[in-house]
Amino acid sequence: MQHLLKMSDLTDCEIIDILNLADQLKYEQKNYIEHSHLKGKTLGMIFNQPSTRTRVSFEVGMIQLGGHPLFLSASDLQIEYGETMEDTARVLSRYLDGIMIRTDRHEDVERLAEYGLIPVINGLTSYAHPCQVLADLMTIREKKRTLKGLKAAYSGPGHSTLNSFIVGGLKAGLSVAVASPGGYGPSRAVVEFAKSYGEKFSLCEKPEDAAKDADVILTDVWRSPRYKAGTQELAELMEKYQLNENLISYARPGAIVLHRLPARKGEEISEAVFESHAGEIFEEAENRLHVQKAVLLKLIGG
Ligand code: CP
């Protein structure tokens, strides 16, 4: 593993290795066992989008590992004034040990990785959110003790996180059922990949079908401008796809609920479902820290 740009960069074994290491790092951190494996290493963190979880968890993770995080707002870099990703990659490779980047354009992440000499980690693009999905898988395994044989259901429109969840979930042994409105679901390449898993993947428009007998139900914030607050489109979407008590009733008893956050309670998820599953949702947010530390160790440790 040279970079983490999307879930398909990882083999099935590499995913499980990262989750195992993340469990160990979480145990060590909870038990005040120091693990400064990245002493002397520096991670550049480029953001051209806002972030709470990704920024803070990478920054704190590097500090806990004994390394040094460097926050780089894209608007303060020469990228803003036209310096290419290719040249930025070649310059930053001379100073840093790794780069984490959040940017809308997935091709920017690919170009950084292609032209740089150091590992690149995708902290969310319009195509993929692998760090989030590793945290999701860690949380599911923590709560359910296994991944193999479980069913995860997704309800609502979705893009980058859903793309990564489908690929990562199937590789880790989950069955994945997705209910999305036509034209607002996973990317075509991801659906083609998922088809090779046969009955373990399904894509439909009815959330009740996806949620039936699910062990895990998840959704994401509905970001499209089409779904602005107060619009008829949002009201129709909520009526059909909202993760609420009715939808949960189709899942298995004891099903867990995940949401990558930030949440718009009352839109993609009801307040009642969010609050009754807040323990799982905030554990999922915490697990970003542990799983990213594992990724950092795999990529820039040693
Ligand atoms: N889930 C997630 O990536 O959160 P942030 O946008 O706050 O980083």
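Computed over heavy atoms, backbone and side chain alike; hydrogens, waters and symmetry mates excluded.
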* To do: Please report the C-alpha distance between N163 and T161 in whole Å, then the side-chain angles of each, then the deciding distance to 0.1 Å, and finally whether the side chain to side chain contact (heavy atoms under 4.5 Å, CB included) criterion is met.
  => CA-CA 5 Å; N163 283 339; T161 308; over 6 Å; no
* Asked: Are L134 and M7 close enough that some pair of their side-chain heavy atoms sits under 4.5 Å apart?
  -> yes
* Any link between L243 and V221 through a network of hydrophobic side chains (Ile, Leu, Val, Met, Phe, Trp, Tyr) touching at under 4.5 Å? -> no
* State whether a side-chain donor-acceptor pair under 3.5 Å links R141 with N287. => no
* To do: Just grab all the ring pair (Phe, Tyr, Trp, His ring centres under 6.0 Å) pairs involving residues 271-302, residues at least two apart or on different chains.
  => F274-F282
* Between the side chains of K6 and N122, does any donor sit under 3.5 Å from an acceptor? -> no
* Asked: Are T139 and V216 side-chain neighbours, meaning at least one heavy-atom pair lies under 4.5 Å?
  -> no
* Check whether more than 12 heavy atoms from other residues, nucleotides or ligands sit under 6.0 Å from atom NZ of K30, and answer yes or no. => yes
* Asked: Is the shortest distance from a Lys or Arg side-chain nitrogen in E192 or K195 to a carboxylate oxygen in the other one below 4.0 Å?
  -> yes
* To do: Return the set of residues passing ring pair (Phe, Tyr, Trp, His ring centres under 6.0 Å) with Y250 (not counting sequence neighbours), or none when no residue passes.
  => none
* Keeping the roles fixed (side chain from S155, backbone from T219), state whether a donor-acceptor pair exists under 3.5 Å. => no
* Asked: To the nearest 0.5 Å, how far apart are CG in L112 and OG1 in T84?
  -> 9.5 Å
* **L234 side chain reached by T231 side chain, heavy atoms, under 4.5 Å** => yes
* To do: Say whether I118 and L4 are linked into one hydrophobic cluster, either directly or through other cluster members, by side-chain heavy-atom distances under 4.5 angstrom.
  => no
* Structure fact -> Residues pairing under ring pair (Phe, Tyr, Trp, His ring centres under 6.0 Å) where one sits in residues 127-153, two or more places apart or in two chains, turn out to be H106-Y127
* Asked: Can a salt bridge be assigned to the pair K298 and E14 using a cut-off of 4.0 Å between side-chain N and carboxylate O?
  -> no
* Side chains of V191 and R188: does their closest heavy-atom pair fall under 4.5 Å? -> no
* Asked: Roughly how far apart are E59 CD and L70 CG, rounded to 0.5 Å?
  -> 9.0 Å
* Asked: For the side chain of Y241 and the backbone of E205, is there at least one donor-acceptor N/O pair under 3.5 Å apart?
  -> yes
* To do: For S276 and A272, indicate whether the former's side chain and the latter's backbone hold a donor-acceptor pair under 3.5 Å.
  => yes
* K26/D23 ion pair, N-O < 4.0 Å -> no
* Please walk me through it: do E110 and E114 pass side chain to side chain contact (heavy atoms under 4.5 Å, CB included)? -> CA-CA 6 Å; E110 301 274 0; E114 185 183 344; 6.0 Å; no
* Asked: Hey, does the side chain of N244 reach the backbone of N246 with a donor-acceptor pair shorter than 3.5 angstrom?
  -> yes
* If you measure only the distance, is there a donor-acceptor pair under 3.5 Å linking the side chains of Q292 and S57? -> yes
* Would I140 and I256 count as a side chain to side chain contact (heavy atoms under 4.5 Å, CB included) if you check the C-alpha gap in whole Å, the side-chain angles of each, and the deciding distance to 0.1 Å? -> CA-CA 8 Å; I140 296 168; I256 65 169; 4.2 Å; yes
* To do: Report yes or no: does R102 contribute a side-chain atom to a donor-acceptor pair with the main-chain N or O of N48 at less than 3.5 Å?
  => no
* Sidechain-backbone polar pair: D9 side chain, L5 backbone, donor-acceptor under 3.5 Å -> yes
* Structure fact -> ring pair (Phe, Tyr, Trp, His ring centres under 6.0 Å) pairs touching residues 70-104, sequence neighbours excluded, are F47-F71
* To do: Mark yes or no for whether K171, through its side chain, and L10, through its backbone, hold a donor-acceptor pair below 3.5 Å.
  => yes
* Please report the closest heavy-atom contact between I46 and A74, naming both atoms and the distance. => CG2-CB, 4.3 Å
* Roughly how far, to the nearest 0.5 Å, is the CG atom of L296 from the CE atom of M100? -> 9.5 Å
* Asked: With a 3.5 Å cut-off and no angle check, do the side chains of Q132 and D136 form a donor-acceptor pair?
  -> yes
* Regarding E268 and H259, is there a side-chain donor-to-acceptor distance under 3.5 Å anywhere? -> yes
* Asked: Listed by chain and number, what are the ring pair (Phe, Tyr, Trp, His ring centres under 6.0 Å) partners of H3, not counting sequence neighbours?
  -> none
* **Note, P186 side chain near L203 side chain (heavy atom, < 4.5 Å)** => yes
* Asked: Quick one: do D215 and K151 make a salt bridge, cutoff under 4.0 Å?
  -> no
* Would you call R260 and R53 a side-chain contact if the rule is heavy atoms closer than 4.5 Å? -> no
* Would you kindly say whether S126 and D104 are connected by a side-chain donor-acceptor distance under 3.5 Å? => no
* To do: Would you sort out whether L297 and K293 count as a side chain to side chain contact (heavy atoms under 4.5 Å, CB included), showing the intermediate values?
  => CA-CA 6 Å; L297 279 189; K293 283 166 68 179; 5.8 Å; no
* Mind jotting down which residue pairs meet the ring pair (Phe, Tyr, Trp, His ring centres under 6.0 Å) criterion with at least one end in residues 161-215? Sequence neighbours excluded, please. => Y184-Y227, F193-Y197
* Flag for R288-T54: side-chain donor and acceptor within less than 3.5 Å -> yes
* Sub-4.5 Å side-chain heavy-atom contact between P181 and P157 -> yes
* Could you tell me the separation between the NZ atom of K41 and the CG atom of L43, rounded to the nearest 0.5 Å? => 11.5 Å
* To do: Please check if I269 and L237 belong to a single hydrophobic cluster, counting links between Ile, Leu, Val, Met, Phe, Trp and Tyr side chain heavy atoms closer than 4.5 Å.
  => no
* Decide salt bridge (charged side-chain N to carboxylate O under 4.0 Å, His left out) for K212 and E208; before the verdict, give the C-alpha distance in whole Å, the side-chain angles of both, and the deciding distance to 0.1 Å. => CA-CA 6 Å; K212 191 168 180 314; E208 294 81 4; over 6 Å; no
* **Within one Ile-Leu-Val-Met-Phe-Trp-Tyr cluster: V120 and L124, side-chain cutoff 4.5 Å** => no
* Would you say S160's side chain and A128's backbone share a donor-acceptor pair under 3.5 angstrom? -> no
* Nearest 0.5 Å, what's the CD-CD distance between Q29 and E34? -> 11.5 Å
* **T42 OG1 to H68 NE2 distance, which is reported to the nearest 0.5 Å** => 6.0 Å
* **Heavy-atom side-chain proximity of C131 to I121 below 4.5 angstrom** => yes
* Are L150 and Y154 connected in the hydrophobic side-chain network, where two residues link if heavy atoms are under 4.5 Å apart? -> yes
